[in-house]
*Asks:* 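Dumping the structure here so I can ask a few things about it.
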Amino acid sequence: MSEKNIYLPYLMRIAEITEESPAVKTFRLEFVDDVAAQSFDFKTGQFGLYSAFGEGESTFCIASSPTRKGYIECTFREVGRVTAALADKEVGDIVGFRGPYGNVFPLEDWKGKNLVFIAGGIALPPLRSVIWNCLDLRDWFKDITVVYGARRVADLVYKRELKEWSERPDMKLVTTVDPGGETPDWTGKVGFVPPVVEQLGLSAENTVAIVCGPPIMIKLTLPVLQKLGFPPEAIFTTLENRMKCGVGKCGRCNTGKSYVCKDGPVYTLAELNQLPAEY
Amino acid sequence: MANTYQLSRESLTSLFGALRKDGRRILAPVESDGRIGLGEVEAPAQVAGDYLQTIMSAKEVAFPKVERLLSYTITPGQVDLKDAEPKAAPTVLFGVRPCEAKAFGALDAVFNWDYRDKFFNARLEKLAVIGLSCTKADEACFCTSVGGGPADTAGSDILLTPVADGYLAEVLTEKGTAILNLASDLFKPGNGVDKVAVAAKVEAAFDQPALTAKLPGMFDSEVWVDQSLRCIGCGACAFVCPTCVCFDIQEEADPKQGERLRCWDSCGFHMFTLHASGHNPREVQSARWRQRIYHKFSYYPQRYDQLGCVGCGKCTRACPVDMNLKEHLTEAAGVTA
Amino acid sequence: MEALKQRAIELLEKGEVKAVLGYAKGTGQARRAFFARQPGQVDKLVLDEACTQNLAAYATKHEVKKLGRVAIVAPPATQRALIQLMAERQLRDGDLAILAVDEGAIKELGSAAALEEHLALKAQGLDAKDKTLLAKLDAMSREDRWAYWQNEFSRCMKCYACRNSCPMCYCEHCTMDCNRPQWVPVASHSIGNLEYHMVRTMHLAGRCVECGDCGRACPVGIPVHLLTISAEETVHELFGQRAGAKAKLDYALSTFKTDDKESFIR
Amino acid sequence: MAEPFEPKITAFVCNWCTYAGADLTGTSRIKYQSNVRVLRVPCTGRIDYMMVLKALHKGADGIIVSGCHPNDCHYTSGNYHARRRWMVFKKMMEVMGVDMRRITFSWVSAAEGARWAQLVNEVTDQVRALGPYSEFRQIVGAGIE
């Protein structure tokens, strides 16, 4: 009896490519195989391993919302061998996808609460999935606030969607760029993410915060949230440790007893506090 | 309770013959240029004589250092994927030490705790282990400190213990019984030899449960920094280790075709956790050394209810800078938190 | 030995160094690197025939540099490695207190110049066993040499003990760890192993101080040191230069002579 | 019936001399055997030994490495540096047991169109006589379970 090969990816066709910012692209991927397309399902927060055949696999979250059926999207920055090969691809090309892997954002638990999303730079994609998911289930939640910062205006991803969010009456979007990163026509804030969050006058009451960004942003944002009264159980983040297998075996993402690929990537601050800071 | 038999030294020749006739290859410790390593044998005479341990572990029989996971061909607008089938030949591992036999359990824990790894499983399924109790040990050995022993049966399908004129044979599993049935006339009724009296004496070096209990509290201890100062960050310890399972997946391809390979990897390498951004969660060697210890002695027990170490001492013998695991664990166990 | 210990204690007590890197007793008969960080630990230092590791490999490690100034016990091969590291600007003159050990005699060398002078007085000879092995290799037919190395490399698992034990393999980003492009396969299969050892040999040609530590480090007993030693000897024969002799860089492969003699270029 | 063996020869040539020389061979309409694949690099100093190894890895039966004659380097000294490297590389390859009859080093200038044709013909004939480099090719793909 032969078991299934868990390392075998789905074949995906690139349906659409969006240039988000310098060296950052979003792919919309559709299953080559109709049966796979029908049976595939995922929840927000999960990730996958994307193959550029010839170069290898790279791990990113699924950046689209599970409420949008028939495709998945991923957003990546060209930094290494695989992402460079992906960046060279064109619409119609075939890539691979393994997943969905990992745990999920507990949307059911957030029903009736205010949501604050805080993201920096290229870390918006994992939150974009959950933001759209929540917007598509808008009546589950109370106030939805998104704070998004990047180094420069050019580095902001999903510009079209940022515009859409800023115009929506049922949510609040705050964008900011680092001092010096603004353009003459920039209408958002100027400043780093943590102080911008601090100035928002957020209430921790009945609110969960979902934070994702570069390590330094997370490090400086967490004290702000704690000062605002957010308990560690109400602060969520998603980790991006290096992975090779995605299925809890290769050992790379191992952080304490936790496998980020299995027990994560979504953690509350309370859970992270139980792990060694090896992420 | 195991079925215990007597197996004469001479009868091994017939046993090997019966195994080979059954279509199984026999891997056993053989000597070459003074080194003991696993090799295919046809007759007992080819098996190394008075060996302590092989340099490499037997894990490569189920988890080879390089194996193909899949292959593909690329044509414009199309990729044809091809699943890889592990070449799992029916194999008998003869004469491996009890520590190594036990180690397959630790590998199994990782390969199958959630998703099932067909490559490991296909090879393991075809594998039968005839273990051989130790009658001697060296300074690197510490099986008895980690719940094993020189005549421990865990992991063996049949365990042989050398006695005066042959072996005491404990037939332990269905796979073992299948071997017994291939040559049942060779297995004579047992005579109640006390195998513990024959086996090597390996004194327990440290209190492992106590160490495991205190590790979470000593993550930031200087002891890891001190111990690892002479570690050069190579992968010798991990690669000879019978339980180290961490791996890498590597792509090798031409423009038209390629394959994905699984290769051994080590948490001791700087590259292991390095992010594309340059950020490294375990930036210094002491963090990597600590990970190795914690993974085996803290995370494994928490996760799989077993240790990730069998006390074989291979890492210690292989280490170019003499990182002695038993000694370092003993030292850590003595640290007052 | 007593002189060494006495000086080690002095250096530590006066605060001239933060650690004395020497040898201590290890498992069984083995000796191992030992960092004496307090005068009270100096007693553990030993010095005998079994002290073979080239401790210069530690001199460029971040963790060791972070300790502060270190004194290093340096038998001849270590001395050569240290001066080569200075020549390659991996160590600055005076970064280390060098406790040169030559047949039991201790001499403290405070500067690169003193080390160079000290080394100039000594003849560098190959280990007798290595000489025999090299001669044996040389006498083989080409086909046999190929088969010999293929057989040896079949045991290689790319643990990189040879690389990591080598004092001259200090690169932050080793070619083996670079993947754009992936010149050498990561996998430890036949071609991956062969190419790794070829690259290692070429990278050490003209830089190898012939300490043999790579060969000693190999857990599966591949005599990889023969490769680098033979490359180093080639450089010496062809260009008359030796690594580990001068404090100023004199790398045979970064220079040339218009009359370099060869007979194979058509 | 099996096709007669035609060797694959990879030539690494410098832009200024040997490539121009090979160009001259063509414009002079000198015929030579077509087994060679020419890879042009700026200078022999650029020819990393890894390129030669990769060519063998990917199935070349023979290699030609060629550039400007000594003293003629467009960049003054690239070929001198290369020469030293080849001297060491050749010895290393011999120690490893590589068949060095399969790797030819030469100097061919921009004016030596006929010489290039002769070189390629000689190398092709020699490698054809040696047969496929199966000894090397056997190890490619070996050691994977």
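Just so we're on the same page: letters track the sequence lines, and every chain starts at 1.
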*Asks:* Look at atom CZ of D/R46 and say whether more than 12 heavy atoms of other residues, nucleotides or ligands are closer to it than 6.0 Å.
*Replies:* no

*Asks:* Picking from B/R262, B/R68, B/K87, B/R123, which has the most non-hydrogen pairs under 4.5 angstrom with chain D?
*Replies:* B/R68

*Asks:* Can you tell me if NZ on D/K54 sees more than 12 non-hydrogen neighbours from other groups inside 6.0 Å?
*Replies:*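 Buried by this count: over 12 neighbours within 6.0 Å.
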
*Asks:* Under 4.5 Å heavy-atom distance to chain D, tell me which part of B/E259 shows up: side chain, backbone, both or neither.
*Replies:* side chain

*Asks:* Considering only heavy atoms from C-beta outward, does the side chain of D/K58 approach that of B/D254 to under 4.5 Å?
*Replies:*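 Yes, at least one pair of side-chain atoms sits under 4.5 Å.
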
